[in-house]
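Heads up: the structure comes next, in structure tokens.
Below, each value reflects all heavy atoms present in this structure, side chains not excepted, and no hydrogens, waters or symmetry copies. This one's a predicted model, so the numbers in the text were calculated from it and none came from an experiment.
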Amino acid sequence: MDLKALLADQLGHFTLYDIGTGLISLLAAALLAYVVGLLAKARTPSSKELSISAAVVAFAVSLVRASVPLSIALVAAVLLLRGEIREADREALPLRLAALAVGLGCGSSASLIVAALVVPLGLLLRWGTTERS
């Protein structure tokens with residue numbers, strides 16, 4: 001078994017340099033959405049909610065960039081999720097979207113890229129979904 005070829009297959013259509021690009025995109029989206037929430041002084045959604053939503057969307061878009069079939073798969077997955085959303089479930093929506101994006105990335109043979117980006121995304125989701133004490 002050729003381990004190098006197996007690892008190369010798990011990069012999907014990405015290179016190792018795309019990990020840094022994805023990380024910067026994810027963090028920039030979270031930071032900019034947080035600033036927008038602060039400037040708007042909105043109570044609902046809060047700056048944290050805006051931040052994690054932007055980070056999840058940036059994560060998903062970075063996985064499907066320049067791939068029409070993956071873009072269509074992401075739209076189909078989100079439409080399937082839309083039927084699951086209830087008003088009481090609103091807080092779990094970013095987590096469900098993140099799980100969809102992780103599944104999409106791993107299903108497109110980009111599991112190494114997903115593994116590298118899911119840690120900062122998970123930390124952002126943990127920060128954004130915790131209640132203030």
Do you know which two heavy atoms are closest between [X] and [Y], and how far apart they sit?
{"X": "Ser47", "Y": "Leu38", "answer": "OG-N, 3.2 Å"}
{"X": "Leu117", "Y": "Leu23", "answer": "CD2-N, 3.4 Å"}
{"X": "Leu27", "Y": "Leu124", "answer": "CD2-CD1, 4.1 Å"}
{"X": "Pro45", "Y": "Leu50", "answer": "CG-CD2, 3.7 Å"}
{"X": "Ser51", "Y": "Trp127", "answer": "OG-CZ3, 3.7 Å"}
{"X": "Arg65", "Y": "Asp18", "answer": "NH2-OD2, 3.0 Å"}

Same apolar cluster (I L V M F W Y, side chains within < 4.5 Å links), [X]/[Y]:
{"X": "Leu100", "Y": "Val57", "value": "no"}
{"X": "Val102", "Y": "Val78", "value": "yes"}
{"X": "Leu63", "Y": "Ile19", "value": "yes"}
{"X": "Val114", "Y": "Ile24", "value": "no"}
{"X": "Tyr17", "Y": "Leu11", "value": "no"}

Would Leu39 and Val36 count as a side chain to side chain contact (heavy atoms under 4.5 Å, CB included) if you check the C-alpha gap in whole Å, the side-chain angles of each, and the deciding distance to 0.1 Å? CA-CA 5 Å; Leu39 292 173; Val36 166; 5.7 Å; no

Measure the shortest side-chain to side-chain distance between Pro94 and Thr129 over non-hydrogen atoms and say whether it is less than 4.5 angstrom. no

Atom pair [atom1]/[atom2] of [X] and [Y] - distance to nearest 0.5 Å:
{"X": "Leu79", "Y": "Leu74", "atom1": "CG", "atom2": "CG", "result": "9.5 Å"}
{"X": "Leu16", "Y": "Thr21", "atom1": "CG", "atom2": "OG1", "result": "11.5 Å"}
{"X": "Asp9", "Y": "Ser109", "atom1": "CG", "atom2": "OG", "result": "7.0 Å"}
{"X": "Phe14", "Y": "Ser67", "atom1": "CZ", "atom2": "OG", "result": "8.5 Å"}
{"X": "Ile113", "Y": "Ser62", "atom1": "CD1", "atom2": "OG", "result": "9.0 Å"}

Please test Thr130 against Lys48 for side chain to side chain contact (heavy atoms under 4.5 Å, CB included), starting from the C-alpha separation and ending with a verdict. CA-CA 10 Å; Thr130 56; Lys48 279 184 169 185; 4.0 Å; yes

Donor-acceptor contact below 3.5 Å, side chain Glu49 vs main chain Ser46: yes

Show, in sequence, the C-alpha distance, side-chain angles and deciding distance for Phe59 and Leu97, and conclude whether the side chain to side chain contact (heavy atoms under 4.5 Å, CB included) test is met. CA-CA 10 Å; Phe59 175 69; Leu97 287 173; over 6 Å; no

